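Taking it in order: structure first as structure tokens, then the write-up.
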Number of protein chains: 2
Amino acid sequence: MNSLLIIAHGSRRQASNDEIRELTKKVSALSSDNFDLIECAFLELAEPSIPAGFEKLINSGAKKVQVLPYFLAAGLHVTSDIPKAVKAARAAHPTIDITTSQYLGEADILPTLLMQIAVNSQSVT
Amino acid sequence: MNSLLIIAHGSRRQASNDEIRELTKKVSALSSDNFDLIECAFLELAEPSIPAGFEKLINSGAKKVQVLPYFLAAGLHVTSDIPKAVKAARAAHPTIDITTSQYLGEADILPTLLMQIAVNSQSVT
């Protein structure tokens with residue numbers, strides 16, 4: 001069973017963490033043959049933690065977990081903290097195939113998306 | 001003259017800040033009649049600061065500045081820090097029309113984009 005773990009930063013503001021949970025539901029609702037299970041986890045300040053996110057997927061039957069860092073730039077969280085957490089997850093779950101996707105900020109469409117947001121907001125604000 | 005100020009968090013890792021600067025150049029390179037000037041600024045840890053970003057645009061002739069928060073969720077940075085910085089900019093530049101766009105995380109296309117990144121990465125990792 002193939003699964004996706006969306007890893008976000010986490011916030012002291014619960015509404016912000018709920019946004020990530022809602023987004024994860026929306027991604028899950030997209031028809032896809034690629035992932036049987038999709039969950040989110042938080043680097044800090046919110047639950048589930050990254051280890052708890054892996055356990056949730058694996059306890060639900062995932063044999064593969066693909067990590068998607070929901071981050072905009074390759075700061076220390078993307079270059080160091082998440083790789084460390086992935087390494088720890090591999091050590092804790094040696095029979096599970098764990099990989100890491102591009103982080104969101106690497107997506108080629110981002111400049112176009114930003115321009116769209118800016119132009120669309122001109123009539124709103 | 002209309003302008004766009006992309007506000008990012010800022011990182012201790014300079015390569016991460018450079019990513020934002022590169023992204024800003026890519027947004028600027030998109031053909032658009034909507035913005036004559038496009039710059040980025042950082043909430044913390046990198047230059048230009050938000051006040052310096054406003055000054056750069058205004059000194060270059062901007063009469064309107066639209067702020068685009070380059071953030072994924074409405075944590076305290078989006079709900080409190082950036083509004084405070086915008087309020088301070090309005091006080092410092094009372095003749096300039098300053099507005100704020102949606103933040104990136106509000107874009108409706110994000111769930112689809114995340115699924116695309118995840119699926120495209122399956123063959124890479």
Side-chain angles (χ1 to χ4, degrees), chain A residues 2 4 6 8-13 15-20 23-30 32-35 38 45 64 66-68 70-80 99-122 124-125, chain B residues 2 4 6 8-13 15-20 23-30 32-35 38 45 64 66-68 70-80 99-122 124-125:
Chain A
N2 200 1
L4 182 66
I6 297 169
H9 187 283
S11 170
R12 286 179 185 82
R13 188 167 173 270
S16 169
N17 300 323
D18 286 340
E19 267 186 271
I20 305 298
L23 174 76
T24 303
K25 283 183 195 166
K26 286 180 187 169
V27 179
S28 298
L30 295 172
S32 163
D33 297 333
N34 298 83
F35 301 101
I38 299 179
L45 302 170
K64 292 186 178 188
Q66 184 169 325
V67 167
L68 198 168
Y70 190 61
F71 285 78
L72 285 173
L76 291 174
H77 296 317
V78 167
T79 59
S80 175
T99 57
T100 305
S101 297
Q102 274 193 318
Y103 60 95
L104 174 60
E106 284 181 294
D108 290 335
I109 200 175
L110 270 182
T112 305
L113 180 58
L114 286 187
M115 182 59 88
Q116 284 174 353
I117 293 171
V119 170
N120 290 342
S121 295
Q122 283 191 309
V124 178
T125 51
Chain B
N2 202 0
L4 182 66
I6 297 169
H9 186 283
S11 170
R12 286 179 186 82
R13 190 168 171 269
S16 170
N17 301 323
D18 286 340
E19 266 186 272
I20 305 298
L23 175 76
T24 303
K25 284 183 194 166
K26 286 180 187 168
V27 178
S28 298
L30 295 172
S32 163
D33 297 333
N34 299 83
F35 301 101
I38 300 180
L45 302 169
K64 293 186 177 188
Q66 184 169 324
V67 167
L68 199 169
Y70 190 60
F71 285 77
L72 285 173
L76 291 174
H77 295 317
V78 167
T79 60
S80 176
T99 58
T100 306
S101 297
Q102 275 192 319
Y103 60 95
L104 173 60
E106 286 182 291
D108 289 336
I109 201 175
L110 271 182
T112 304
L113 180 58
L114 286 187
M115 181 58 88
Q116 284 173 355
I117 294 170
V119 170
N120 290 341
S121 294
Q122 282 191 308
V124 179
T125 53

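Everything numeric here is computed off the predicted structure, so don't read it as measured data. Each chain gets a letter, A, B and so on, in the order the sequences are listed, and its residues count up from 1. Basis for what follows: all heavy atoms, side chains included, without hydrogens, waters or symmetry-related copies.
Going from atom CD of B:E106 over to atom CG of A:N120 covers 12.0 Å, rounded to the nearest 0.5 Å. In this structure, B:T112 OG1 and A:I109 CD1 are separated by 10.0 Å, a value rounded to the nearest 0.5 Å. To the nearest 0.5 angstrom, B:Q116 atom CD is 11.5 Å from A:N34 atom CG.
Residues A:Q102 and B:S121 come closest through the heavy atom pair N-OG, 3.3 Å. Contact record, A:P111 with B:K26: CG-CB, 3.7 Å, taken as the closest heavy-atom pair. Taking both residues in full, the closest heavy atoms of A:I117 and B:A107 are given as CD1-CB, 3.9 Å, listed atom of the first, atom of the second, then distance.
Residue B:F35 touches chain A through its side chain alone, counting heavy-atom pairs closer than 4.5 Å. Residue B:A74 touches chain A through both its backbone and its side chain, counting heavy-atom pairs closer than 4.5 Å. Residue contact with chain A, scored on non-hydrogen atoms closer than 4.5 Å, is absent for B:N17.
Each of B:L4, B:I38, B:V27 was checked for a side chain to side chain contact (heavy atoms under 4.5 Å, CB included) with A:L114, and the lone residue meeting it is B:V27.
Note on A:F71, A:Y70, A:Y103: by heavy-atom pairs under 4.5 Å with chain B, the leading option is A:Y70. With chain A as partner, the option from B:L72, B:I20, B:L23 having the largest number of non-hydrogen pairs under 4.5 angstrom is B:L72. If you tally non-hydrogen atom pairs under 4.5 Å between each of A:T79, A:L76, A:I6 and chain B, the highest count goes to A:T79. For chain A, the option among B:S11, B:A73, B:G105 with the highest count of heavy-atom pairs below 4.5 Å is B:A73.
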